[in-house]
Number of protein chains: 2
Amino acid sequence: MDLFVSKYINKIDKKGRVSLPSSFRNVLPKANRNEIILYKSIKTPSIEGCGVGRLKEIAKRINNLDFFSEDYDDFSTSIFSEIITTNIDKEGRFLIPEELKLYASIKSEAAFFGQGHYFQIWEPKKGLKNTEESRRRLLKEKKSLRMMLTQQK
Amino acid sequence: MDLFVSKYINKIDKKGRVSLPSSFRNVLPKANRNEIILYKSIKTPSIEGCGVGRLKEIAKRINNLDFFSEDYDDFSTSIFSEIITTNIDKEGRFLIPEELKLYASIKSEAAFFGQGHYFQIWEPKKGLKNTEESRRRLLKEKKSLRMMLTQQK
DNA sequence: CATATACCCATTGACGCCCATATAATCCCA
DNA sequence: TGGGATTATATGGGCGTCAATGGGTATATG
């Protein structure tokens, strides 16, 4: 499986280390399996992360925005200037930078949420609450969620 | 046969393992025959499952949504973070995650119901009851059922 | 020199792999 | 075509490996 899926809650130890879930590590290309990038989510108080390869994809997405719009500057500033690369140790752990932990209110535990081509890191309670709210919003339009899950190609 | 059909009731052993019915295993592509995805059914207290190929389809569809829209986040959160991949061992068994067992009230036995391109896993009694109710609902609209069953292509 | 970070080692529990058996389905040949 | 032989499926259990976690120590960096 080459997608970030499922959710995991891992502990942050005294040294600030936390294990990147094993299934997430396996999504990273074998070449750069010891490095990920992290940045503040634009829309939620969470951290987003992915392999370094995904940077190009993000750049493309932002490039597709209207160059002269306010959004363009806002997104490129918010994302690119805030990106932090982190190393993963031999045991599969990494350090969440203090600034990002503050942004996401993360203290002793980190909840990892698969998002397909990237993942999010939440303070566990906030993350679960966010999942519920997302689902509630979507269920208001049952048809679209069903379609997404059951449609045949 | 490349569809999930028929129903089976299998036991869950001490370790939590349960056999995926052989005919279901044969529906999975030989390439990814050792992995399936599971998620909570939207409309019923049951688990739905299918091969990983379907997940990639879903990923593609979500990826085509506007990256910066709220829908994008809602879909990827509700789907990717809720999906769980499980491995199938050499004997054709897999583990049903605790959270999903709770959701479906599954304890010692699991009932598998073929649903064509996917399948459902139920607590046996609930599953059979659901089948009856489904059929009863259909019979109330005999006309449409007749049409469905007798129509020639 | 002080703090932060990487590396190494250890522990625990969960999971995957292997082997075994009983029942059911299929085959195969006289 | 009957019936024994072979294969497949569902199920049980032992055991090694890996993931998550904790901690000691070396190293780097300012």
Side-chain angles (χ1 to χ4, degrees), chain A residues 1 4-28 30 32-38 49 52 84-102 106-114 119 121-124 127, chain B residues 1 4-28 30 32-38 49 52 84-102 106-114 119 121-124 127:
Chain A
M1 176 58 57
F4 298 103
V5 296
S6 194
K7 64 166 184 280
Y8 307 87
I9 298 179
N10 289 343
K11 292 178 184 172
I12 299 177
D13 68 18
K14 293 178 198 168
K15 298 182 178 180
R17 298 174 300 188
V18 64
S19 290
L20 184 67
S22 163
S23 82
F24 284 16
R25 297 202 294 268
N26 290 329
V27 177
L28 305 174
K30 316 92 213 150
N32 295 69
R33 195 156 276 185
N34 55 344
E35 193 177 21
I36 54 173
I37 67 172
L38 300 173
V52 291
I84 298 174
T85 72
T86 322
N87 290 69
I88 298 180
D89 72 18
K90 305 256 165 122
E91 283 74 37
R93 295 175 290 195
F94 67 100
L95 297 170
I96 305 177
E98 208 52 45
E99 187 190 349
L100 296 182
K101 277 204 277 193
L102 281 174
I106 289 173
K107 299 156 317 219
S108 63
E109 286 188 319
F112 294 81
F113 289 82
F119 57 88
I121 311 175
W122 287 77
E123 189 284 317
Chain B
M1 173 60 63
F4 299 105
V5 296
S6 192
K7 68 166 185 283
Y8 307 86
I9 297 180
N10 288 344
K11 292 179 185 172
I12 298 177
D13 69 20
K14 292 179 200 168
K15 296 183 178 181
R17 297 173 300 188
V18 63
S19 289
L20 183 68
S22 164
S23 82
F24 284 16
R25 297 201 294 268
N26 290 329
V27 177
L28 305 174
K30 316 91 213 151
N32 295 72
R33 193 155 277 185
N34 56 343
E35 195 176 22
I36 54 173
I37 67 172
L38 301 173
V52 294
I84 297 175
T85 69
T86 46
N87 291 61
I88 299 182
D89 71 18
K90 305 257 163 123
E91 283 74 36
R93 295 173 291 194
F94 66 100
L95 297 171
I96 305 178
E98 209 52 44
E99 187 189 346
L100 296 183
K101 279 204 277 193
L102 280 175
I106 290 173
K107 299 156 318 224
S108 63
E109 286 188 320
F112 294 81
F113 291 84
F119 58 87
I121 311 175
W122 287 77
E123 189 285 318

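Note that the coordinates shown come from a computational prediction; the quantities given were computed from them, not determined experimentally. Chain letters run A, B, ... following the sequence lines, proteins first, then strands; residues in each count from 1.
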Does the side chain of B:Phe94 reach to within under 4.5 Å of the side chain of B:Val18, using non-hydrogen atoms?
yes
Report yes if some heavy atom in the side chain of B:Ser22 is under 4.5 Å from a heavy atom in the side chain of B:Asn26; otherwise report no.
yes
Once rounded to the nearest 0.5 Å, what's the spacing between atom [atom1] of [X] and atom [atom2] of [Y]?
{"X": "B:Ile36", "Y": "B:Ile88", "atom1": "CD1", "atom2": "CD1", "answer": "4.5 Å"}
{"X": "A:Arg93", "Y": "A:Lys90", "atom1": "CZ", "atom2": "NZ", "answer": "13.0 Å"}
{"X": "B:Ile9", "Y": "B:Ile121", "atom1": "CD1", "atom2": "CD1", "answer": "13.0 Å"}
{"X": "B:Thr86", "Y": "B:Leu38", "atom1": "OG1", "atom2": "CG", "answer": "4.0 Å"}
{"X": "B:Ile96", "Y": "B:Ile106", "atom1": "CD1", "atom2": "CD1", "answer": "4.5 Å"}
{"X": "B:Ile84", "Y": "B:Leu100", "atom1": "CD1", "atom2": "CG", "answer": "4.0 Å"}

So which atom in B:Lys107 and which in B:Ile12 form the shortest heavy-atom distance, rounded to 0.1 Å?
O-CD1, 3.6 Å
Is it the case that the side chain of B:Arg25 and the backbone of B:Leu20 share a donor-acceptor pair, with hydrogens and angles ignored and the cut-off at 3.5 Å?
yes
If only atom types and distance count, is the side chain of A:Asn10 paired as donor or acceptor with the main-chain N or O of A:Ser19 below 3.5 Å?
yes
For DNA chain C, determine which residues of residues 8-24 of chain A have any heavy atom closer than 4.0 angstrom to one of its atoms, and list them numerically.
A:Lys15, A:Arg17
Which of residues 84-100 of chain B sit near DNA chain C, with a heavy atom under 4.0 Å from it?
B:Asn87, B:Lys90, B:Glu91, B:Arg93, B:Leu95
Give the first and the last nucleotide of DNA chain D, reading 5' to 3', that has any atom under 4.0 Å from a heavy atom of chain B.
D:dT9 to D:dC15
Could you tell me from which nucleotide to which nucleotide of DNA chain C, 5' to 3', there is an atom under 4.0 Å from chain A heavy atoms?
C:dT5 to C:dC9
Five-pair end axes of the helix from C:dC1-D:dG30 to C:dA30-D:dT1, angle between them (10°):
50°
Surrounding NZ of A:Lys101 (heavy atoms of other residues, nucleotides or ligands, distance under 6.0 Å), is the total greater than 12?
yes
Listed partners of B:Phe24 passing ring-ring contact (aromatic ring centres under 6.0 Å, His included), at least two apart:
B:Phe4, B:Tyr8, B:Phe119
Do you know which of A:Arg17, A:Lys11, A:Lys15 makes side-chain hydrogen bond (donor to acceptor under 3.5 Å, both in side chains) with A:Asp13?
A:Arg17
Determine, step by step, whether B:Ile37 and A:Val5 satisfy the side chain to side chain contact (heavy atoms under 4.5 Å, CB included) criterion, reporting the C-alpha distance in whole Å, the side-chain angles of both residues, the deciding distance to 0.1 Å, and the verdict.
CA-CA 10 Å; B:Ile37 67 172; A:Val5 296; over 6 Å; no
